[in-house]
K.L.:
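My questions all concern the structure below.
In this text the structure is predicted, and so the values were computed from the model without any measurement. The sequence lines fix the lettering, A, B, ..., with proteins before strands; numbering per chain opens at 1.
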Number of protein chains: 2
Amino acid sequence: MTDDLHATVATRLVADEQRYTANRRAVVEVLEAAERPLTIAEILDRRSLAQSSVYRNLVVLEQAAVVHRVTSTDEFARYELAEDLTEHHHHHLICATCGKVEDFTVAPALERTLENAMARVAAETGFQPERHRLDLVGTCATCGQD
Amino acid sequence: MTDDLHATVATRLVADEQRYTANRRAVVEVLEAAERPLTIAEILDRRSLAQSSVYRNLVVLEQAAVVHRVTSTDEFARYELAEDLTEHHHHHLICATCGKVEDFTVAPALERTLENAMARVAAETGFQPERHRLDLVGTCATCGQD
DNA sequence: CTCAGTGCAAAGGATTTGCATGCCG
DNA sequence: CGGCATGCAAATCCTTTGCACTGAG
């Protein structure tokens with residue numbers, strides 16, 4: 001599974017005329033090991049890398065559709081592996097207090113309903129939807145212990 | 001309707017021990033006139049106000065539940081009037097290319113399904129959902145004209 | 001009079017970029 | 001060898017803050 005992942009990443013980078021360097025692999029490994037989207041600071045905590053390289057490589061990886069950028073309520077950008085590189089489609093629980101982002105999934109029936117709604121919107125407006133973002137914003141278990 | 005709006009805003013601010021000043025009213029009027037969430041720069045374009053006052057007043061207005069902060073794919077924060085001050089609950093079409101945010105609504109049945117899903121997640125995890133965020137990310141009509 | 005709100009300018013902090021060096025192809 | 005990736009440090013840019021001033025109650 002892991003080998004598959006790196007092979008796929010390499011393919012996507014090559015398709016984008018980019019190399020799969022050691023630093024880029026390091027970033028992918030960190031995100032693979034994480035169970036939730038990580039901030040740049042969290043990536044740097046887990047691997048000793050130059051900050052600017054992480055920023056630059058995340059741009060490259062996002063452009064090659066390897067990683068996905070997630071926005072929370074705070075000012076930090078967070079990154080996760082693209083959904084089609086991991087097991088499945090998921091959504092986010094966003095803590096309005098601390099900004100932490102956790103993953104969750106919903107029933108397939110609801111997903112299908114969402115897809116239908118997206119298609120309808122595309123038909124009614126000039127907007128071309130690529131993906132949907134269903135997040136729950138609230139208070140995480142940790143911040144809720146007051 | 002407009003008078004109602006300002007009366008409600010005033011009430012919320014008073015409840016938060018804040019005044020409804022001319023600058024704050026100006027911000028509310030700008031957001032009321034807009035048909036989509038606006039960036040700080042867009043607010044400043046529409047009214048001649050000190051940048052710092054806009055930032056500070058948006059903090060106050062958000063805390064009083066008068067305005068709501070929306071995150072897009074770009075680095076600019078966007079603001080809109082709280083949903084319960086305007087006609088109805090809506091979602092956002094977010095352009096991945098230019099960051100622009102437009103409003104849209106979905107069928108009530110889908111909304112109810114979403115509410116149910118939220119309640120289930122709350123029961124299964126320690127997370128306390130306050131609201132949901134269903135956005136469609138894609139390409140807007142303008143950026144799609146290539 | 002008092003104190004919150006305002007405006008200007010300077011500071012903060014995440015992110016980006018310039019440039020010299022290193023390394024893959 | 002040539003060119004992209006890297007790392008350090010400096011620059012950017014959205015946002016926040018310090019401070020003196022104004023105005024509402």
Side-chain angles (χ1 to χ4, degrees), chain A residues 6 9-31 37-64 66-79 98-101, chain B residues 6 9-10 12-31 37-64 66-79 96 98-101:
Chain A
H6 292 294
V9 170
T11 302
R12 293 199 185 175
L13 284 172
V14 168
D16 221 39
E17 295 178 315
Q18 296 285 348
R19 301 179 197 161
Y20 197 21
T21 66
N23 274 357
R24 291 172 188 172
R25 187 174 175 115
V27 170
V28 169
E29 286 172 355
V30 168
L31 294 180
L38 299 182
T39 63
I40 310 281
E42 289 172 331
I43 295 173
L44 290 171
D45 281 348
R46 290 164 170 69
R47 277 300 234 277
S48 187
L49 295 167
Q51 187 189 51
S52 59
S53 293
V54 173
Y55 275 101
R56 274 196 271 239
N57 285 326
L58 283 171
V59 169
V60 171
L61 291 170
E62 186 181 22
Q63 190 156 299
V66 172
V67 306
H68 178 59
R69 182 187 167 128
V70 179
T71 42
S72 173
T73 53
D74 60 19
E75 67 269 38
F76 303 100
R78 284 171 170 76
Y79 292 87
C98 70
K100 196 166 76 173
V101 179
Chain B
H6 292 294
V9 170
R12 293 199 185 177
L13 284 173
V14 168
D16 222 38
E17 295 178 313
Q18 296 286 346
R19 301 179 196 162
Y20 196 20
T21 66
N23 274 356
R24 291 174 187 171
R25 187 174 175 114
V27 170
V28 168
E29 285 172 356
V30 168
L31 294 180
L38 299 183
T39 63
I40 309 282
E42 288 171 331
I43 295 173
L44 290 171
D45 282 347
R46 289 163 171 70
R47 277 299 232 278
S48 187
L49 296 167
Q51 187 189 50
S52 58
S53 293
V54 174
Y55 275 101
R56 276 196 269 240
N57 285 327
L58 283 171
V59 170
V60 171
L61 291 170
E62 187 181 21
Q63 190 156 301
V66 171
V67 306
H68 178 60
R69 182 188 168 129
V70 179
T71 44
S72 173
T73 54
D74 59 21
E75 66 270 39
F76 304 100
R78 284 172 171 76
Y79 292 86
C98 70
K100 196 166 74 172
V101 180

K.L.:
Could you give the CZ-to-P distance, from A/Arg25 to C/dC23, as a whole number of Å?
P.N.:
19 Å
K.L.:
To the nearest Å, how far apart are B/Asp74 CG and D/dC14 P?
P.N.:
10 Å
K.L.:
Expressed as a whole number of angstroms, how long is the span from A/Leu44:CG to D/dC8:P?
P.N.:
12 Å
K.L.:
Excluding sequence neighbours, so at least two apart, what forms side-chain contact (heavy atoms from CB on, under 4.5 Å) with A/Ala77?
P.N.:
A/Arg69, A/Tyr79
K.L.:
When you check the gap from the basic side-chain N to the acidic O, do B/Arg46 and B/Glu42 get nearer than 4.0 Å?
P.N.:
no
K.L.:
Report the distance from atom CD of B/Gln18 to atom C1' of D/dG25, rounded to the nearest whole Å.
P.N.:
16 Å
K.L.:
Could you check how far CZ of B/Arg69 sits from P of D/dC14, rounded to whole Å?
P.N.:
14 Å
K.L.:
So, does A/Thr21 get its side chain near the phosphate of D/dT6, meaning an N or O under 4.0 Å from OP1 or OP2?
P.N.:
yes
K.L.:
Using whole Å, report how far CD of A/Glu75 lies from P of D/dT17.
P.N.:
11 Å
K.L.:
B/Arg78 and B/Ser72: which non-hydrogen atoms are nearest, and at how many Å?
P.N.:
NH1-CB, 3.5 Å
K.L.:
Starting at CD of A/Glu62 and ending at P of C/dT16, how long is that distance when rounded to a whole Å?
P.N.:
10 Å
K.L.:
When we call it a touch if two heavy atoms are under 4.0 Å apart, what does A/Ala41 touch: a base, just sugar-phosphate, or nothing?
P.N.:
nothing
K.L.:
Please give me the minimum heavy-atom distance between A/Ala64 and A/Leu13, naming the atom from each residue.
P.N.:
CB-CD2, 3.8 Å
K.L.:
If you take any heavy atom closer than 4.0 Å to DNA chain D, which residues from residues 47-56 of chain A end up in contact?
P.N.:
A/Ala50, A/Ser52, A/Ser53, A/Arg56
K.L.:
Quick one: does B/Arg24's side chain have a donor or acceptor within less than 3.5 Å of a partner on B/Leu61's backbone?
P.N.:
no
K.L.:
Could I get the full list of side chain to side chain donor-acceptor pair (under 3.5 Å) partners for A/Arg12, not counting sequence neighbours?
P.N.:
A/Asp84
K.L.:
Can you tell me the distance, in whole Å, between the CZ atom of A/Arg19 and the P atom of C/dG22?
P.N.:
17 Å
K.L.:
Could you check A/Val14, A/Val66, A/Val27 and say which one makes a side chain to side chain contact (heavy atoms under 4.5 Å, CB included) with A/Val9?
P.N.:
A/Val66
K.L.:
Please confirm whether the shortest side-chain N or O distance from A/Asn23 to OP1 or OP2 of D/dA5 is below 4.0 Å.
P.N.:
no
